[in-house]
Participant: 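The structure under discussion is supplied below as structure tokens; questions concerning it will follow.
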Amino acid sequence: MKRIVLLLAACAAASFVQARSLKTTYRVTTEGYRAGCPVVIADIPTWAESLRVTADGETIPAQLDKALGEAAFVADILGRRDFEVVFSDRPAKETFPARVNAQMWWKNEDKSLAERDTLCSFKDDMYRKLHHHGPAIESELAAYRVYFDKKQTIDTYGKKRPQLELRRSMWYPTDEQLAAGFGHDNLRVFGSIGVGVLKGWSPTEGMLHIADFERREARVLAKGPVRAIMEMRVEGWNYGGRKIAMTSRYILYAGHSDVQVENRLEGDFEGLLFTTGVMKMRDTRVLRGGRAVAQIGCDHPENDYAKWPVETVALAVALPEGVRIVSKEDDKASYLFQVAPDAEGRIDYVFDMWWRKSGWLADRSDDELLSGVLESVRAAARPVRVERLK
């Protein structure tokens, strides 16, 4: 018996010794000061199951998205800051409060809801089969959903106070929740660009929806605590007489209302045009310069005008350097950029939404909301350099 106990103890000790870890240092460089700057580490070890991030003696909440081969955190950075990162093959010892959320709900025949991370279809029949019509992401400051239909438009949900609430309001808050300070849907996107979606573009026909395709998929890729990610993919999209695939990924970070958008095209896309931008609204005013556009305007978020009065919403989109802008031709419903993918099929940009009823914006004039949301997307579109020092 003593020999067996000793053998078990030796095995346990060997198991402990074999625990794997890697201590590294990353340097993050930004242009000027970036509060809550999103940092993505893309060279994580394949064996890593957790990580710990520290800087200046402070533990920084971090997220390991193993399926994506990435880790992420947000931190204040003034020009340059170094972070110590320890990867481990063991589960994380500490958890962090969730500051973001992602969700997608399938409607069962008995009207109950089942949460799903992946759903697909071979025809345009998913809009009414999903609660809030597609996947949604939220931070404390804003929420967004993408319609699972041919328009694939982004719709917005404003927050009155910084909090996560979609899992309680399910996008449609009750009267009691509204009275308690919950936010709500604040746009009617109709046939417009909404904010920040990528659509096809024809010089003669204008904006083109995803009407003819072979397969479409919606996915929730990450739910927090630091970032939430939703994704839409279409395969066999018959566009311009060719069949292409397009994946659109939307990333929302803790402490942010701006969304990082990564579009990837596959197939014979050379020469095809696409468009993005912001919708026009009643009493709209626009600021446009270089690679960004912002508007502020008013509209009813729902057709029940008695319950849902006019809202004031500011929207903005910024295209980083490297995205090829072909033209800036607007249509009757939207302020637009026409863009072309790079050689690898990429079209990336940033969008944002600010709402008049958000408590932290209450003291700002409409002009300040308009200029503020424009500067927000411009700042978020500036590059962040992440390099491994050791």
Side-chain angles (χ1 to χ4, degrees), residues 18-31 34-96 99-100 102 117 137 219-231 233 247-256 258-266 320-323 341-350 380-390:
Q18 291 172 4
R20 197 171 182 181
S21 66
L22 175 65
K23 185 176 180 180
T24 59
T25 300
Y26 289 88
R27 174 164 292 167
V28 181
T29 305
T30 64
E31 182 181 328
R34 293 282 294 272
C37 178
V39 178
V40 177
I41 299 173
D43 61 346
I44 66 172
T46 56
W47 46 262
E49 296 295 331
S50 65
L51 79 161
R52 187 171 187 267
V53 179
T54 59
D56 306 315
E58 171 192 7
T59 298
I60 296 174
Q63 175 175 328
L64 178 63
D65 294 321
K66 191 172 177 65
L68 301 178
E70 295 179 347
F73 59 91
V74 295
D76 298 340
I77 300 172
L78 177 58
R80 188 178 72 185
R81 191 175 181 187
D82 292 347
F83 299 87
E84 183 181 279
V85 178
V86 178
F87 296 102
S88 172
D89 66 352
R90 299 300 175 91
K93 294 182 179 180
E94 54 189 334
T95 59
F96 302 103
R99 298 181 60 197
V100 291
D117 286 342
I137 52 177
R219 302 174 68 194
V220 170
L221 298 179
K223 302 180 181 182
V226 172
R227 68 175 181 175
I229 306 175
M230 62 182 178
E231 184 178 271
R233 177 173 171 82
T247 303
S248 298
R249 183 174 293 180
Y250 304 92
I251 308 169
L252 179 59
Y253 287 89
H256 286 251
D258 59 274
V259 175
Q260 302 280 340
V261 186
E262 299 176 353
N263 296 291
R264 300 293 182 271
L265 294 149
E266 303 165 49
E321 296 293 334
V323 175
D342 66 13
E344 297 178 349
R346 297 180 51 172
I347 303 174
D348 297 348
Y349 49 83
V350 182
R382 295 181 187 124
V384 176
R385 182 181 178 188
V386 181
E387 55 183 326
R388 183 170 171 174
L389 300 183
K390 62 178 180 179

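Scope of the values below: all heavy atoms of this structure, side chains included, with no hydrogens, waters or symmetry mates.
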Participant: Atom CG in Asp348, atom CZ in Arg249: separation rounded to 0.5 Å?
Facilitator: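 One finds 10.5 Å between CG of Asp348 and CZ of Arg249.
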Participant: Report yes if some heavy atom in the side chain of Val40 is under 4.5 Å from a heavy atom in the side chain of Ile251; otherwise report no.
Facilitator: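 Side-chain contact under 4.5 Å: no.
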Participant: Return yes if some donor-acceptor pair links the side-chain N/O of Lys66 with the main-chain N/O of Ala71 below 3.5 Å, else return no.
Facilitator: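 No, the answer is negative, given that no donor and acceptor are paired below the 3.5 Å cut-off.
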Participant: Suppose we screen for ring-ring contact (aromatic ring centres under 6.0 Å, His included). Which residues come up paired with Phe73, at least two apart in sequence or across chains?
Facilitator: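 If we apply the ring-ring contact (aromatic ring centres under 6.0 Å, His included) test to Phe73, skipping adjacent residues, the hits are Phe83.
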Participant: Can you list everything that forms a side chain to side chain donor-acceptor pair (under 3.5 Å) with Ser88? Sequence neighbours excluded, please.
Facilitator: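 Once residues adjacent in sequence are excluded, Ser88 has no partner under the side chain to side chain donor-acceptor pair (under 3.5 Å) criterion.
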Participant: Heavy atoms only: give me the nearest Gly36-His256 pair and the separation to one decimal.
Facilitator: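 What the structure gives for the nearest pair is O-NE2, 2.6 Å.
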Participant: Hey, are Asp65 and Lys223 close enough for a salt bridge, meaning a charged N less than 4.0 Å from a carboxylate O?
Facilitator: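 Lys223 and Asp65: not salt-bridged.
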Participant: Can you see which heavy atom on Pro320 is nearest to which on Ala381, and at what distance?
Facilitator: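 For Pro320 and Ala381, the tightest heavy-atom pair comes out as CB-O, 3.5 Å.
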Participant: Do you know the tightest heavy-atom contact between Val74 and Pro38?
Facilitator: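 Where Val74 meets Pro38 most closely, the heavy atoms are CG1-CA, 4.0 Å.
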Participant: Does Gln260 have any side chain to side chain donor-acceptor pair (under 3.5 Å) partners at least two apart in sequence or in another chain, and if so, which?
Facilitator: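 Gln260: no side chain to side chain donor-acceptor pair (under 3.5 Å) contacts found.
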Participant: Looking only at heavy atoms, what is the nearest atom pair of Ala222 and Ala102, with distance?
Facilitator: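 Closest pair (atom of Ala222, atom of Ala102, distance): O-CB, 3.4 Å.
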Participant: How many angstroms lie between CD1 in Ile77 and OG1 in Thr30, if you round to the nearest 0.5 Å?
Facilitator: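 One finds 5.5 Å between CD1 of Ile77 and OG1 of Thr30.
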Participant: What pair of heavy atoms forms the shortest contact from Val226 to Pro61, and how long is it?
Facilitator: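 It is CG2-O, 3.7 Å.
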Participant: Using the side chain to side chain donor-acceptor pair (under 3.5 Å) criterion, which residues pair with Tyr253? Sequence neighbours excluded.
Facilitator: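 Side chain to side chain donor-acceptor pair (under 3.5 Å) list for Tyr253, sorted by chain: Arg227.
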Participant: Side chains of Asp43 and Thr24: does their closest heavy-atom pair fall under 4.5 Å?
Facilitator: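 Counting from C-beta outward, Asp43 and Thr24 never come under 4.5 Å.
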Participant: What is the distance from atom CG of Leu221 to atom CG of Asp117, rounded to the nearest 0.5 Å?
Facilitator: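 These two atoms lie 8.5 Å from each other.
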Participant: Using 0.5 Å steps for rounding, measure from the OG1 atom of Thr247 to the CG atom of Leu265.
Facilitator: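 Separation between the atoms: 8.5 Å.
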Participant: Do NZ/NE/NH1/NH2 and the carboxylate oxygens of Arg385 and Glu387 come within less than 4.0 Å?
Facilitator: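 A salt bridge links Arg385 with Glu387.
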Participant: Do Leu51 and Ile44 have side chains that approach each other closer than 4.5 Å (heavy atoms only, starting at C-beta)?
Facilitator: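 Leu51 does not reach Ile44 side chain to side chain.
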Participant: Who passes salt bridge (Lys or Arg N to Asp or Glu O under 4.0 Å) against Arg34, sequence neighbours left out?
Facilitator: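 Salt bridge (Lys or Arg N to Asp or Glu O under 4.0 Å) list for Arg34, sorted by chain: empty.
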Participant: Can you sort out the partners of Val100 under side chain to side chain contact (heavy atoms under 4.5 Å, CB included), two or more places apart, ordered by chain and number?
Facilitator: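 With sequence neighbours excluded, Val100 shows a side chain to side chain contact (heavy atoms under 4.5 Å, CB included) to Ser139, Ala228, Ala254, given in chain and number order.
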Participant: Side-chain contact test, heavy atoms from C-beta onward, threshold under 4.5 Å: evaluate it for Val39 versus Arg81 and give yes or no.
Facilitator: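 No, side chains not in contact.
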Participant: With the side chain counted from C-beta on, respond yes when Arg346 and Arg264 share a heavy-atom pair under 4.5 Å apart, and no when they do not.
Facilitator: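 Touching, per the 4.5 Å side-chain cut-off.
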Participant: Find out whether Val85 and Arg388 are in side-chain contact, i.e. whether some heavy atom of one side chain is under 4.5 Å from a heavy atom of the other.
Facilitator: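 No; the side chains remain at least 4.5 Å from each other.
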Participant: Who are the side chain to side chain contact (heavy atoms under 4.5 Å, CB included) partners of Ala35, not counting sequence neighbours?
Facilitator: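 Here the qualifying residues are Tyr33, Asp76.
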Participant: Could you walk me through whether Ile229 and Ile137 pass side-chain contact (heavy atoms from CB on, under 4.5 Å), step by step?
Facilitator: CA-CA 7 Å; Ile229 306 175; Ile137 52 177; over 6 Å; no
Participant: Using the test side chain to side chain donor-acceptor pair (under 3.5 Å), find all partners of Asp82 that sit at least two apart in sequence or belong to another chain.
Facilitator: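 Residues passing side chain to side chain donor-acceptor pair (under 3.5 Å) with Asp82: Arg27.
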Participant: With sequence neighbours left out, which residue pairs that include part of residues 48-70 fulfil the ring pair (Phe, Tyr, Trp, His ring centres under 6.0 Å) condition?
Facilitator: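 Applying ring pair (Phe, Tyr, Trp, His ring centres under 6.0 Å) to every pair that reaches into residues 48-70, excluding sequence neighbours, yields nothing.
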Participant: What pairs with Glu344 under salt bridge (Lys or Arg N to Asp or Glu O under 4.0 Å), at least two apart in sequence or on another chain?
Facilitator: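 Scan of Glu344 (salt bridge (Lys or Arg N to Asp or Glu O under 4.0 Å), adjacent residues dropped) gives none.
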Participant: With sequence neighbours excluded, what pairs up with Pro45 under the side chain to side chain contact (heavy atoms under 4.5 Å, CB included) test?
Facilitator: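 Scan of Pro45 (side chain to side chain contact (heavy atoms under 4.5 Å, CB included), adjacent residues dropped) gives Leu22, Trp47, Ala48, Phe87.
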Participant: Excluding sequence neighbours, so at least two apart, what forms side chain to side chain contact (heavy atoms under 4.5 Å, CB included) with Thr59?
Facilitator: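 Side chain to side chain contact (heavy atoms under 4.5 Å, CB included) list for Thr59, sorted by chain: Arg52, Thr54, Glu94, Phe96.
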